[in-house]
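Here the structure comes first, spelled out in structure tokens, and everything after it is commentary.
Throughout, a chain's letter reflects where its sequence line sits, starting with A, and its residues are numbered from 1.
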Amino acid sequence: MKFSQFFIPTLKEVPSEAEIPSHSLALRAGLIRKVASGIYSFLPLGFRVLKKIEEIIRQEMNNSGAIELYLPVMQPSVLWEKTGRWKEYGPEMFRLKDRNKRDFCLGPTHEELITYLAYLDLKSYKNLPVNLYQIQVKFRDEMRPRYGLLRAREFIMKDAYSFCRNDDDLGIIYKSMYDAYCRILERIGLQYRVVEAETGLIGGKFSHEFMVIAENGEEKLAFCPVCGYSAKYEMSKSISEAGKEKTNKEKTVKEKTGKENKDNKINKLGDFTYPYPEPEQEDRCSNCGKELKIEKGIEVGHIFKLGDKYSEKLDARFLDVDGKLKPLVMGCYGIGVTRILAAAIEQLHDNKGIKWPPSIAPFTVNIIVTTEKNSELSKASDMIYKTLKKLDVEVLYDDRDVSAGIKFKDSDLIGFPLRFILGRKFLGSKLIDVEYRKDGKRVELPVDSIPKFIKEFKAANNLR
RNA sequence: CGGGGUGUAGCGCAGUUUGGUUUAGCGCACCUGCUUUGGGAGCAGGGGGUCGGAGGUUCAAAUCCUCUCACCCCGACCA
């Protein structure tokens, strides 16, 4: 792709609405534009990244036996009334009426719909287990959208729902989803932690959250560098110097209210402010006794064991081998596509711009020609552009008639993993300056070594 | 929803306190021409806003008053 024929509106200045790097850089690099609070358009560059994230997720889901389908965004209220969530969800749900005044919502999640599908078509243990997923847009009227893509009102997520005969089978699928999520984040190339978490409005017995480590993360995590124990900070167990085991939640409730709370649960959050306590020196891992490290993370994935909460209410039952009618045992597994995009920027950037991991970079190589009007040089860069395309490299050739400085700045901002620089030096030595965005390192590359270089780069970064 | 803040050209801002001296200004971006091109170039010329919206006060409103809308931040809550 030639830069001059593509659409990449970059911004030189920091938009006043953006507070954190992922938001600011996504706007500046021409990935997204805001339409309304928490609602964004994806420009071509951002869209390419989205598609790459989706594809990695899709491959890993398919590899772990999940099957893709597509459920509607618009959902009738009747199903939600059966599960009681039409009321429970409250103002967070975007609601609308059709011409006949029937109630609908824009799906904030899809348990009701998928369970309805199971009710219709999963009648026998012979159909089980089955794990269905979709990559779909979701709508949640957040009380406070913020940080650009990190907390949007319209966002894309992959959600999977599994149906099993019993808890044992559920356990197997749960584990396979857990592993798939780890592979997804590893393939993308992000540092992350898996923590135990509460289940919230979705319900169910217990859950794991997948956190991408980042400075601006909304979640505080406790992590043991020695044994690998990790948990959300407020749920983390630690041993104080006194040797007494405690969880941070107990401590918080007691300290803030000044009184005991029998089940250690916070009942009315509005009653008092609830800042997490500052990490304490004496907090030690309850597993191995080593000092806990406090980190911040962005939640990108959440997996739940639902059990029969939805299947009971929506009457989704199957006939088991023993001839008995039983509710389907469910699990659900969500991972945020648009949120991963933001989290990746949040974790991988510097003061010049984004540093895309090669797995999801919009383009792998950016060719910069510093003096476009030299015919020898433009011939050479055209040739190199074609060579890279032939090698099946995603390359953005900056052929714009602008000063070299602009090309360099845009290149840093957008964050292509590799930059091929052709200028005066090339005219003399016939060597291309190849620069890595990751660490700024440069190597000199003869033209005929391009195939070998690309092959090695792809192999090292797991690209096709 | 409570508290705080901001709305002036595509983006970033000044002007608002003390209404008139501004045909509303600056930087960047944009258009034309020439010169430039290894880290956001130079000169010359040019286009674009009626000051978020509505109402009001006044001889006169970006500036004062009332209402309203949008957006951002903190909190509660949340993928």
Write down the partner of [N] under the Watson-Crick or G-U wobble criteria, each distance required to be under 3.5 Å.
| N | result |
| --- | --- |
| B/G7 | B/C69 |
| B/G48 | none |
| B/C26 | B/G12 |
| B/U17 | none |
| B/A62 | none |
| B/C34 | B/G42 |
| B/G75 | B/C1 |

Euclidean distance, atom [atom1] of residue [X] to atom [atom2] of [N] [Å, nearest integer]:
| X | N | atom1 | atom2 | value |
| --- | --- | --- | --- | --- |
| A/Leu11 | B/G27 | CG | C1' | 15 Å |
| A/Glu444 | B/G38 | CD | P | 18 Å |
| A/Leu150 | B/C72 | CG | C1' | 15 Å |
| A/Leu427 | B/U37 | CG | C1' | 13 Å |
| A/Asp141 | B/C1 | CG | C1' | 12 Å |
| A/Leu27 | B/C11 | CG | C1' | 11 Å |
| A/Asp401 | B/C34 | CG | C1' | 13 Å |
| A/Ile414 | B/G40 | CD1 | P | 17 Å |

Rounding to the closest angstrom, what is the interatomic distance between [N] and [M] at atom [atom1]?
| N | M | atom1 | result |
| --- | --- | --- | --- |
| B/U63 | B/G19 | C1' | 6 Å |
| B/G53 | B/G10 | P | 13 Å |
| B/C51 | B/U23 | C1' | 15 Å |
| B/G46 | B/G25 | P | 14 Å |
| B/A14 | B/C64 | P | 16 Å |
| B/G15 | B/G52 | P | 15 Å |
| B/G2 | B/G56 | C1' | 30 Å |
| B/U36 | B/A41 | C1' | 7 Å |

Quick check on [N]: is either OP1 or OP2 less than 4.0 Å from any side-chain nitrogen or oxygen of [X]?
| X | N | answer |
| --- | --- | --- |
| A/Ser403 | B/U37 | no |
| A/Thr370 | B/U37 | no |
| A/Arg28 | B/G12 | no |
| A/Ser37 | B/C72 | yes |
| A/Ser16 | B/C11 | no |

Notebook entry, point to check: For A/Trp86, is the NZ or CZ atom of A/Arg95 found under 6.0 angstrom from the centre of its six-membered ring and inside 45 degrees of the ring axis?
Noted result: yes
Counting any heavy atom closer than 4.0 Å, what does [X] reach on the DNA or RNA strands: base, sugar-phosphate only, or nothing?
| X | answer |
| --- | --- |
| A/Arg419 | base |
| A/Gly423 | base |
| A/Val402 | base |
| A/Glu17 | sugar-phosphate |
| A/Lys425 | base |
| A/Ala152 | base |
| A/Tyr147 | sugar-phosphate |

Let's see if you can work this out: which of [options] has an atom nearest to the side-chain heavy atoms of [X]?
| X | options | value |
| --- | --- | --- |
| A/Glu19 | B/C73, B/G39, B/G38 | B/C73 |
| A/Met143 | B/G40, B/A76, B/C72 | B/A76 |
| A/Arg442 | B/A76, B/U37, B/G38 | B/G38 |
| A/Ala36 | B/C73, B/G38, B/C71 | B/C71 |
| A/Lys409 | B/G38, B/G12, B/G39 | B/G39 |
| A/Glu13 | B/G27, B/G38, B/G75 | B/G27 |
| A/Asp410 | B/G40, B/C73, B/G38 | B/G40 |
| A/Lys352 | B/G40, B/A76, B/G39 | B/G39 |

Checklist line | Ring-ring centroid check A/Phe363 A/Phe6, cutoff 6.0 Å | finding: yes
Notebook entry, point to check: Has the side chain of A/Arg144 got a donor or acceptor atom sitting under 3.5 Å from an opposite partner on the base of B/G4?
Noted result: no
Notebook entry, point to check: For the side-chain hydrogen bond (donor to acceptor under 3.5 Å, both in side chains) test, which of A/Arg85, A/Lys82, A/Gln75 pairs with A/Glu112?
Noted result: A/Arg85
Notebook entry, point to check: Is any side-chain N of the basic residue among A/Asp412 and A/Arg419 closer than 4.0 Å to the acidic one's carboxylate O?
Noted result: yes
Next item on the list: In plain terms, say whether A/Glu295 and A/Lys293 are close enough for a salt bridge, that is, a side-chain N and a carboxylate O under 4.0 Å apart.
Entry: yes
Checklist line | Main-chain N/O of A/Glu142 paired to A/Arg153 side chain as donor or acceptor, under 3.5 Å | finding: no
Next item on the list: Check for a donor-acceptor pair, side chain of A/Glu346 on one end and backbone N or O of A/Ser22 on the other, with a separation under 3.5 Å.
Entry: yes
Notebook entry, point to check: Near A/Lys430 NZ, under 6.0 Å, is it more than 12 heavy atoms from other residues, nucleotides or ligands?
Noted result: yes
Margin query: Which is more 5' along RNA chain B, the nucleotide nearest A/Phe155 or the one nearest A/Ala404? Just name the residue.
Written below: A/Ala404
Item checked: A/Met157 or A/His23, whichever maps to the more 5' nucleotide of RNA chain B -> A/His23
Next item on the list: I would like to know whether A/Phe416 and A/Trp356 meet ring pair (Phe, Tyr, Trp, His ring centres under 6.0 Å); could you show each step before the answer?
Entry: CA-CA 6 Å; A/Phe416 309 96; A/Trp356 286 118; 9.9 Å; no
